[in-house]
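First up is the structure itself, then whatever we jot down about it.
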Amino acid sequence: YTAYIEYLGNSPRDPGEENHMAGPQIQNMQVFSWGQRVRIFNPAGYLEGEIRPDGRWKLIPGLRVTYFDWMNELGAEPRFAVWFKVDDATSLKGQAGVYHTYPWLWYTIAGLGNRRLHSEGARQYSVGVERKLLEHVSADLQLFYKDMFDLAVRTFDTFERNGKQEPLVYSNQGVGRSYGLELLLK
């Protein structure tokens, strides 16, 4: 698809004057207006298998491959899911997988951000139980954990271009995690 990105706000590229009251490298920025049309094309393929060694187990290995043309990056994302049927009304399940996505688009646009950013990633895990309560009512309880890496974050690091130091603005140095419990009645 083609996107038109328009920004009106503080320029992350104009260091202005340093504000030593707020700490080193915190800078005042000047307001500016900017716009650019960008084309984004992300072809992807997904291969999945289903293995049923007996009537109680279901194993699903998978692999997604995505090409992020805006960043010229090929991402391979392995995934695996398993189900175990305890009885006619109850199943245990688990999954693990690797996932990638673009950072916010304006983080990667020259003039606003860092054109050298790459995709942000996450490793996700979950375990759970599904239980049929009534003929048309079931419950699904899951514990999940998500370990995020290579997140695009603001930085005051610089790089050299044509003998001059320029701000990097964003870098893939961020990390994070998310975890919780999910209950779905359907």
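All heavy atoms count here, side chains included; hydrogens, waters and symmetry mates do not. Treat the numbers as computed from the prediction; the structure is a model and nothing was measured.
- The main-chain N or O of Asp150 is found under 3.5 Å from a side-chain atom of Asn172 such that the two form a donor-acceptor pair.
- Of all heavy-atom pairs between Gln173 and Thr155, the closest is OE1-OG1, 4.4 Å.
- A salt bridge is defined here as a Lys NZ or Arg NE, NH1 or NH2 lying under 4.0 Å from an Asp or Glu carboxylate O, and Glu77 with Arg79 meets this definition.
- With contacts defined as side-chain heavy-atom distances shorter than 4.5 Å, the pair Thr108/Trp70 qualifies.
- A side-chain donor from one of Ser119 and Glu73 sits under 3.5 Å from a side-chain acceptor of the other.
- A side-chain donor-acceptor contact under 3.5 Å links Glu120 to the backbone of Ala152.
- Shown here for Leu181 and Leu141, the closest heavy-atom pair between the two residues is CD1-CD1, 3.4 Å.
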Given the rule in the side-chain contact (heavy atoms from CB on, under 4.5 Å) test, do Tyr145 and Asp147 qualify, once you have shown the distances and angles that lead to the verdict? CA-CA 7 Å; Tyr145 178 79; Asp147 176 33; 3.7 Å; yes

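- Residues meeting the ring pair (Phe, Tyr, Trp, His ring centres under 6.0 Å) test with Phe68, sequence neighbours left out: Tyr102.
- Residues Ala44 and Thr66 share a closest heavy-atom pair of CB-OG1, 3.6 Å.
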Solution key, residues 80-88 side-chain donor-acceptor pairs under 3.5 Å, sequence neighbours excluded:
residue: Asp87; atom: OD1; partner: Ala89; partner atom: N; Å: 2.8
residue: Asp87; atom: OD1; partner: Thr90; partner atom: N; Å: 2.8
residue: Asp87; atom: OD1; partner: Thr90; partner atom: OG1; Å: 3.3

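- Taking CG of Asn42 as the start and OG1 of Thr101 as the end, the distance is 8.5 Å to the nearest 0.5 Å.
- In summary, Lys93 and Asp140 engage in a salt bridge, as defined by a charged side-chain N under 4.0 Å from a carboxylate O.
- One finds the CD atom of Gln95 at 8.0 Å from the CD atom of Gln142 (value rounded to the nearest 0.5 Å).
- Side-chain atoms of Leu168 and Thr158, non-hydrogen and from C-beta on, never get closer than 4.5 Å to each other.
- Between the CD atom in Gln124 and the NZ atom in Lys146 there is a gap of 5.0 Å [rounded to 0.5 Å].
- Under a hydrophobic-cluster definition in which Ile, Leu, Val, Met, Phe, Trp and Tyr are linked whenever side-chain heavy atoms come within less than 4.5 Å, directly or via other members, Val129 and Val127 are assigned to the same cluster.
- In terms of hydrophobic clustering, with Ile, Leu, Val, Met, Phe, Trp and Tyr side chains grouped at heavy-atom distances under 4.5 Å, Leu74 and Leu63 are assigned to a common cluster.
- No cation-pi contact links Arg123 to Tyr125, judged by a cut-off of 6.0 Å to the six-membered ring centre and 45° from its axis.
- Of all the heavy atoms in Gly121 and His100, the pair that sits closest is CA-CD2, 3.8 Å.
- Under a hydrophobic clustering in which Ile, Leu, Val, Met, Phe, Trp and Tyr are joined whenever their side-chain heavy atoms come within less than 4.5 Å, directly or via other members, Ile60 and Val65 fall into different clusters.
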Can you check side-chain contact (heavy atoms from CB on, under 4.5 Å) on Ser126 and Leu143, steps first, answer last? CA-CA 5 Å; Ser126 69; Leu143 292 169; over 6 Å; no

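- Here the shortest heavy-atom pairing between Tyr67 and Asn72 reads OH-OD1, 2.6 Å.
- Geometrically, Arg64 does not engage Tyr99 in a cation-pi contact, judged by NZ or CZ lying under 6.0 Å from the ring centre and within 45° of the ring axis.
- Other residues, nucleotides and ligands place no more than 12 heavy atoms under 6.0 Å from the OH atom of Tyr179.
- From Trp104, atom CH2 reaches atom CG of Leu117 across 14.0 Å, with rounding to the nearest 0.5 Å.
- Side-chain contact between Met71 and Pro103 is present, with at least one heavy-atom pair separated by less than 4.5 Å.
- Between the NZ atom of Lys186 and the OG atom of Ser138 there is a distance of 5.0 Å, given to the nearest 0.5 Å.
- Residues satisfying the salt bridge (Lys or Arg N to Asp or Glu O under 4.0 Å) criterion with Arg177, sequence neighbours excluded, are absent altogether.
- For the pair Met148 and Ser178, the minimum side-chain heavy-atom distance is below 4.5 Å.
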Salt bridge (charged side-chain N to carboxylate O under 4.0 Å, His left out) assessment of Glu50 paired with Arg52: CA-CA 7 Å; Glu50 185 172 309; Arg52 292 183 180 256; 2.7 Å; yes

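- Listed here is the closest heavy atom pair of Ala122 and Phe149: N-CE2, 3.4 Å.
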